[in-house]
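Remarks on the structure that follows.
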Amino acid sequence: QVQLVESGGGLVQAGGSLRLSCAASGRTFSTYNMGWFRQAPGKEREFVAAISRGGGSTSYADSVKGRFTISRDNAKNTVYLQMNTLKPEDTAVYYCAADYSLVVPVIPSGYDYWGQGTQVTVSS
């Protein structure tokens with residue numbers, strides 16, 4: 001079992017930046033692949049970014065590539081999502097997720113554990 005708690009969301013103007021954090025507790029953090037997803041009102045949850053156990057492999061949705069950066073600090077049991085050049089269409093609840101698979105998933109069903117989410121609102 002692992003517990004995930006996101007933080008760092010808020011209200012920001014278009015073009016601004018935010019850094020989300022996801023703190024994990026429970027089983028050894030370095031054994032999980034980690035992902036970030038988001039869900040806007042009336043839309044399905046969508047993939048944002050993912051990172052492998054050791055941090056050597058990352059993947060991003062096309063919509064955030066070049067603007068967002070996922071990273072992790074296994075000593076602090078935390079994964080981050082640095083979000084730059086934010087756009088109004090980035091407005092959503094952002095969730096972090098953990099998975100034990102050998103291959104890093106990019107779909108929600110691939111993840112075993114989820115946080116409660118943090119709201120990100122980007123004003124125009």
Side-chain angles (χ1 to χ4, degrees):
Q1 279 278 24
V2 60
Q3 294 76 44
L4 303 172
V5 179
E6 302 96 334
S7 61
L11 174 64
V12 64
Q13 288 189 333
S17 298
L18 283 174
R19 188 176 83 153
L20 305 183
S21 299
C22 173
S25 61
R27 194 168 162 176
T28 307
F29 180 67
S30 60
T31 64
Y32 313 142
N33 300 309
M34 298 297 296
W36 284 98
F37 290 78
R38 66 187 181 187
Q39 188 166 18
K43 295 188 176 182
E44 293 190 354
R45 193 167 296 189
E46 65 173 1
F47 171 73
V48 175
I51 189 166
S52 59
R53 292 172 179 79
S57 176
T58 58
S59 58
Y60 297 92
D62 288 344
S63 59
V64 306
K65 205 170 290 185
R67 300 188 298 124
F68 290 11
T69 302
I70 188 170
S71 62
R72 66 190 296 162
D73 186 336
N74 286 347
K76 295 182 178 180
N77 290 356
T78 303
V79 63
Y80 305 97
L81 186 68
Q82 178 67 44
M83 305 186 295
N84 298 329
T85 320
L86 282 161
K87 305 175 181 180
E89 51 264 43
D90 294 318
T91 295
V93 177
Y94 283 71
Y95 299 89
C96 72
D99 158 72
Y100 293 119
S101 302
L102 294 177
V103 178
V104 181
V106 296
I107 57 174
S109 61
Y111 285 83
D112 302 303
Y113 302 100
W114 293 85
Q116 83 290 346
T118 185
Q119 176 71 47
V120 171
T121 303
V122 184
S123 63
S124 57

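All figures in this text were calculated on a predicted structure; none of them were measured in a lab. These values consider heavy atoms only, across backbone and side chains, with no hydrogens, waters or symmetry-generated copies.
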Sequence-distant partners of Asn77, side-chain hydrogen bond (donor to acceptor under 3.5 Å, both in side chains), two or more places apart: none

query: Are more than 12 heavy atoms from other residues, nucleotides or ligands located less than 6.0 Å from atom NZ of Lys43?
result: no

Report whether [X] and [Y] are members of the same hydrophobic cluster (ILVMFWY, side-chain heavy atoms less than 4.5 Å apart, transitive linking).
X: Leu86; Y: Trp36; value: yes
X: Val106; Y: Val48; value: no
X: Met83; Y: Phe37; value: no

field: Spacing of Tyr60 atom OH and Phe47 atom CZ [to the nearest 0.5 Å]
entry: 9.0 Å

OH on Tyr32 to CZ on Arg72, rounded to 0.5 Å: 10.0 Å

Extract all donor-acceptor atom pairs below 3.5 Å that involve side chains of residues 89-96 and protein atoms in other chains or at least two apart in sequence.
from, atom 1, to, atom 2, distance (Å)
Asp90, OD1, Arg38, NH1, 2.9
Asp90, OD1, Arg67, NH2, 3.0
Asp90, OD2, Arg67, NH1, 2.8
Asp90, OD2, Arg67, NH2, 3.4
Asp90, OD2, Lys87, N, 2.8
Thr91, OG1, Pro88, O, 2.9
Thr91, OG1, Val122, N, 2.9
Thr91, OG1, Val122, O, 3.4
Tyr94, OH, Arg38, NH1, 2.9
Tyr94, OH, Asp90, O, 2.6

message: Quick one, Ser123 with Gln13, criterion side chain to side chain contact (heavy atoms under 4.5 Å, CB included). Give me CA distance, side-chain angles, the key distance, then yes/no.
response: CA-CA 5 Å; Ser123 63; Gln13 288 189 333; 3.7 Å; yes

Between [X] (side chain) and [Y] (backbone), is there a donor-acceptor pair under 3.5 Å?
X: Glu6; Y: Gln116; answer: yes
X: Arg53; Y: Thr31; answer: yes
X: Asn74; Y: Thr28; answer: no

Nearest heavy atoms of Pro105 and Gly110, plus distance in Å: CG-O, 3.4 Å

query: Given the rule in the side chain to side chain contact (heavy atoms under 4.5 Å, CB included) test, do Leu4 and Met34 qualify, once you have shown the distances and angles that lead to the verdict?
result: CA-CA 10 Å; Leu4 303 172; Met34 298 297 296; 4.0 Å; yes

task: Any chance you could lay out the side chain to side chain contact (heavy atoms under 4.5 Å, CB included) test for Asp73 and Tyr80, step after step, and finish with the verdict?
output: CA-CA 8 Å; Asp73 186 336; Tyr80 305 97; 4.1 Å; yes

In residues 18-26, what donor-acceptor pairs under 3.5 Å come from side-chain atoms, sequence neighbours left out?
from, atom 1, to, atom 2, distance (Å)
Ser25, OG, Gln3, OE1, 3.3

task: Kindly assign one of parallel, tilted or perpendicular to the pair Tyr100 and Tyr113, based on the angle between their ring planes and the thresholds 30° and 60°.
output: perpendicular

message: Among Ile70, Thr118, Val120, Thr69, which residue satisfies the side-chain contact (heavy atoms from CB on, under 4.5 Å) criterion with Leu81?
response: Ile70

- request: From the options Thr58, Ile51, Asn33, Asp99, select the one residue that forms a side-chain contact (heavy atoms from CB on, under 4.5 Å) with Val104.
  value: Asn33

field: Residues Arg45, Trp114; criterion side chain to side chain contact (heavy atoms under 4.5 Å, CB included); working and verdict
entry: CA-CA 12 Å; Arg45 193 167 296 189; Trp114 293 85; 3.3 Å; yes

